[in-house]
Amino acid sequence: MTSTSSAGPADAQPTVPLQALRQHAAAHHDEFLEDLQRIVHCETPSHDKALLDAGLEEIRTLAAERLGEPVAETRIPGGVHGDVLDLRWPGQGHDGGTVDDPAAAVLSVCHYDTVWPAGTLAGWPLTADGDRLTGPGVLDMKFGIVQTLWALRALRELGVPHPPVRLLLTGDEEIGSAAGRPAIEAAARESALTLVPEPSAGGQPKDRRKGMVFADLTVHGVQAHAGLEPEKGASAIHALAAVVPAIVGLAAPEEGTTVTVGTFHGGTSRNVIAGRAECQVDVRVTDPAEQERVAGALRGLRLPAPYDAEDRLDLVVEVDANRPPMNPTPASQDAMARLGRLAAALGRTIVPAAVGGASDANFVSALGLPVLDGLGAVGEGPHAIHEHILLSEIAPQTALLAGLLADVAQRP
């Protein structure tokens, strides 16, 4: 692990009571699980506004029960997406007094939406099997919400100094963070450090994530009977299929750029010339320049010959350069070095991971602000039916998060 931090107090060995924090988390293991079950059993699919609202209310109630009423609270309407809820609690000074400097706050960004549709719980409730706890959204990322609450509660109950904490709950991370992004960026600019307790990579934080580009392509054609009068039709499927090679040809694996046509739909029946066809494209990049190149090329797509000469065919391309890539910055490397010292005191070694998936940490990193990602659950299977966390890792991960908050209070 490499850090750009200079020698000085911040490089000293941590003196926060890490073992006591771990023991506190272990002693409250059952309560932690009760809280986790409570919010996992509130289904929050990204596209169901009513369920998102109900789930957010339950999380807000739980947060107030565990930490008391926040000193400040803002709810930002998400429109058709889940709302953003910004909750703030004061810090605790070395003299036991209140610390309420907003600029000293540590921000925890957690999304409460999941990829799982309503009704999933009926066949897949939160279930323990040995060391595995499985259920929809338990790993990605409802664990991180409960972890944040219990990390702060441990510091309070043990009388450990800590900075003000700001919990930002977003409801559309799984579908691009259109509503969440402005709130995340604004809150990160106002905070000393941003934490994103997304699932860890086998217990390791994540310091590199790929950026994303989404593209939706639609071809409008003309329907006709495929047997009686095919000449009167203009196939949208045939035309769009001819564009696919140009799309996948934008990939540059040597640069870390992948391009996938994930869905392709069109037509109404076997014997009908298709009047409409559409596909969805997913692009992942490690280099901001690659994101610009591919997004620009997608916007410039045209129908190839011979379809370009057919005036009854129309190609519509919508491109969203959704998330910038996340790469190590000096500010985040300093924060990672701090995390590494704390982990070492707990007998662990930090080796940050690079992953292909994106998160809301990408937005903060692109601003050049300090952010630590992948601080949440240890487990496997995000977005998959085997999604689970390891019960034995709840206390260590919660203690590490709490220790990080305490360390920020000692060495801002």
Side-chain angles (χ1 to χ4, degrees), residues 1-3 25 36 106-115 137-148 150-151 167-170 173-174 177 180 184 188 191 193-212 284 286 323-329 331-344 346 348-367 369-384 387-390 392-405 407-408:
M1 181 178 60
T2 304
S3 172
L36 190 54
V106 172
L107 172 68
S108 178
V109 177
C110 301
H111 70 86
Y112 61 94
D113 65 315
T114 77
V115 300
V138 64
L139 175 69
D140 188 11
M141 65 169 294
K142 290 186 175 179
F143 176 95
I145 299 171
V146 179
Q147 178 193 19
T148 300
W150 276 99
L167 175 59
L168 193 72
L169 298 158
T170 68
E173 191 271 349
E174 297 291 5
S177 297
I184 293 165
S191 303
L193 173 64
T194 298
L195 311 179
V196 183
E198 282 269 9
S200 69
Q204 296 293 347
K206 302 169 182 178
D207 69 342
R208 298 174 189 268
R209 285 185 178 272
K210 287 195 173 185
M212 302 170 65
R284 306 288 169 130
T286 58
R323 281 184 172 85
M326 181 176 99
N327 292 307
T329 65
S332 292
Q333 286 179 308
D334 284 346
M336 189 68 74
R338 182 193 296 268
L339 183 69
R341 290 189 293 273
L342 290 163
L346 282 169
R348 300 169 56 183
T349 301
I350 291 296
V351 182
V355 296
S359 83
D360 286 333
N362 290 53
F363 300 132
V364 182
S365 178
L367 298 175
L369 298 172
V371 60
L372 291 174
D373 189 15
L375 302 176
V378 180
E380 294 180 351
H383 302 189
E387 177 178 1
H388 68 271
I389 67 169
L390 298 182
S392 58
E393 295 294 336
I394 291 177
Q397 289 296 96
T398 304
L400 185 59
L401 185 63
L404 183 60
L405 293 171
D407 195 62
V408 170

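No hydrogens, no waters, no symmetry mates; every other heavy atom, side chains included, goes into these values.
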Residues Leu139, His388; criterion side-chain contact (heavy atoms from CB on, under 4.5 Å); working and verdict: CA-CA 6 Å; Leu139 175 69; His388 68 271; over 6 Å; no
Would you call Asp334 and Pro370 a side-chain contact if the rule is heavy atoms closer than 4.5 Å? no
Please list, chain by chain and in numerical order, all residues satisfying salt bridge (Lys or Arg N to Asp or Glu O under 4.0 Å) with Asp113, sequence neighbours excluded. none
Please determine whether side-chain contact (heavy atoms from CB on, under 4.5 Å) holds for the pair Leu169 and His111, giving the CA-CA distance in whole Å, both sets of side-chain angles, and the decisive distance to 0.1 Å. CA-CA 5 Å; Leu169 298 158; His111 70 86; over 6 Å; no
Side-chain donor or acceptor of Arg284 paired with backbone N/O of Lys210 under 3.5 Å: no
Mark yes or no for whether Gln333, through its side chain, and Pro328, through its backbone, hold a donor-acceptor pair below 3.5 Å. no
Please report the shortest heavy-atom distance between Met141 and Val109, naming the atom on each side. CE-O, 4.0 Å
If we only count heavy atoms from C-beta on, is the Glu198 to Asp360 side-chain gap below 4.5 Å? no
Sequence neighbours excluded, which residues qualify as side-chain hydrogen bond (donor to acceptor under 3.5 Å, both in side chains) partners of Ser191? none
Are any of the side-chain heavy atoms of Leu339 and Leu400 separated by less than 4.5 Å? yes
After noting the C-alpha distance and the side-chain angles of Met326 and Val364, does the key distance pass the side-chain contact (heavy atoms from CB on, under 4.5 Å) rule? CA-CA 9 Å; Met326 181 176 99; Val364 182; over 6 Å; no
Just to verify, what does Asn362 make a side-chain hydrogen bond (donor to acceptor under 3.5 Å, both in side chains) with, not counting sequence neighbours? none
Side chain Ser200, main chain Gly374, donor-acceptor under 3.5 Å: no
Using side-chain heavy atoms (C-beta onward) and a distance below 4.5 Å, is Ser365 in contact with Asn327? no
Hey, are the side chains of Leu404 and Arg338 touching, using non-hydrogen atoms and a 4.5 Å cut-off? yes
Can you name the nearest heavy-atom pair linking Pro324 to Phe363, along with the distance? CD-CD2, 3.9 Å
Heavy-atom pair with the smallest gap, counting every atom of Val378 and Gly203: CG2-CA, 3.7 Å
Do the side chain of Thr398 and the main chain of Gln147 share a donor and acceptor less than 3.5 angstrom apart? no
Output the distance between atom CD1 (Ile389) and atom CD (Gln397), rounded to the nearest 0.5 Å. 10.5 Å
Would you say that Leu369 contacts Thr194 through its side chain, given a criterion of any heavy-atom pair below 4.5 Å between the two side chains? no
Pairwise distance CG(Asp140) to CD(Glu174) - rounded to 0.5 angstrom: 4.5 Å
Calculate, to the nearest 0.5 Å, the distance between atoms CG and CG belonging to Leu405 and Leu195 respectively. 6.0 Å
For Gly180 and Thr170, work out which heavy atoms get closest and say how close. CA-CG2, 4.3 Å
State whether the side chain of Gln204 and the backbone N or O of Val351 hold a donor-acceptor pair below 3.5 Å, judged by distance alone. yes
Does the side chain of Ile145 come within less than 4.5 Å of Cys110's, by heavy atoms? yes
Which atom pair, heavy atoms only, marks the closest approach of Ala358 to Arg323? CB-CD, 3.6 Å
Do the side chain of Thr329 and the main chain of Ser332 share a donor and acceptor less than 3.5 angstrom apart? yes
Could you pull out the closest heavy-atom pair between Val371 and Leu193, with the gap in Å? N-CD1, 4.3 Å
To the nearest 0.5 angstrom, please state how far the OG1 atom of Thr148 sits from the CG atom of Leu375. 9.0 Å
Quick check: does any side chain N or O of Arg209 sit under 3.5 Å from a backbone N or O of Val355, one acting as donor and the other as acceptor? no
Check whether any side-chain heavy atom of Lys206 sits under 4.5 Å from a side-chain heavy atom of Val196, and report yes or no. no
Before you tell me yes or no, could you show the steps for Thr286 and Arg208 under side-chain hydrogen bond (donor to acceptor under 3.5 Å, both in side chains), namely the whole-Å CA-CA distance, both residues' side-chain angles and the distance that decides it to 0.1 Å? CA-CA 8 Å; Thr286 58; Arg208 298 174 189 268; over 6 Å; no
